[in-house]
Structures are given as structure tokens and as C-alpha cells.
Student: 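Handing you a structure now.
Positions are given from 1 along the sequence. All values reported here derive from a predicted model rather than from experimental measurement.
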Amino acid sequence: MSDDSLKLYTAIYVALLVAAAMNFVLFEAEFLNFTYAQAFGGTMVIAAVKTVLIVAYFQHLRWENRSLTYVMALALALTMLLMAAATYSIS
């Protein structure tokens, strides 16, 4: 592993740790006075950013062909579509 990639992976790991700490702060920090909806929305945004970082760097999708990235994005979109359809079929 080159020195640059070690620095990159360390920076990504630290960013993930900071994001996890931000999740805790959103719900537990009394001085910020976030409502539950605001904290939940912030948590969802942080989760999306963490997912992108993990998929792009730790699963090496950033360096793959664009076609593989598009296939993965299509799979995610179809999964979300199926989840939305299941939500309406349950209720």
C-alpha cells in the first residue's frame, strides 16, 4: 500500500468517525435544541454521505469503470422502487 493511499484511507476513516460523532450530537446535545425531525433528517443526510464514502473508497467503486458504477446505481434505484411499492402494498 502506498503512502498516499494510507493517508487517503486514514482521512476517510477519520471522516467516518466524525460523522458518527455528529449523529450522537444531533440527538444528545441539549444546547443545540434540535427537534426530533431535524435530528432524524440530519442523521439521514449523514448516513447518505457515509454510504457514499464507504462504497466509493473502501469498496473501491471510485476506481472502477463507470459502467459498473451505473449498474450499482441502477440496482440501488430499483431496490428503492421495490421498497416504495412494498410500502403501498402493505397499507
Student: Does a sphere of radius 6.0 Å around CE in M83 hold more than 12 heavy atoms from other residues, nucleotides or ligands, not counting ones at 6.0 Å or beyond?
Tutor: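 Counting neighbours around CE of M83, 12 or fewer heavy atoms of other residues, nucleotides or ligands fall under 6.0 Å, so no.
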
Student: NZ/K50 to CD1/I12 distance, rounded to the nearest 0.5 angstrom?
Tutor: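 Reported value, rounded in 0.5 Å steps: 13.5 Å.
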
Student: Do F27 and F34 make a side-chain contact, defined as non-hydrogen atoms from C-beta onward lying under 4.5 Å apart?
Tutor: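 A side-chain contact is absent here, since even the closest heavy-atom pair is not under 4.5 Å.
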
Student: Which residues pass the side chain to side chain contact (heavy atoms under 4.5 Å, CB included) test with T35, not counting sequence neighbours?
Tutor: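 Testing T35 for side chain to side chain contact (heavy atoms under 4.5 Å, CB included), a comparison that skips the adjacent residues, returns A37, Q38.
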
Student: Give, for atom OH of Y9 and atom CG of L16, the distance between the pair rounded to the nearest 0.5 Å.
Tutor: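 That separation rounds to 12.5 Å.
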
Student: Please list every donor-acceptor pair under 3.5 Å in which a side-chain atom of residues 51-58 meets a protein atom from a residue at least two apart or in another chain.
Tutor:
unit_1	atom_1	unit_2	atom_2	d
T51	OG1	A47	O	2.8
Y57	OH	R62	NE	3.2

Student: Please determine whether residues L68 and L74 belong to a single hydrophobic cluster, defined as Ile, Leu, Val, Met, Phe, Trp and Tyr linked transitively by side-chain heavy-atom distances below 4.5 Å.
Tutor: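 No, L68 does not connect to L74 through the hydrophobic network.
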
Student: Among the clusters formed by ILVMFWY side chains lying less than 4.5 Å apart, do V14 and V25 turn up in the same one?
Tutor: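 Yes, same cluster.
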
Student: Do I46 and V18 sit in the same hydrophobic cluster, where Ile, Leu, Val, Met, Phe, Trp and Tyr count as joined when their side-chain heavy atoms come under 4.5 Å apart?
Tutor: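 Same hydrophobic cluster.
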
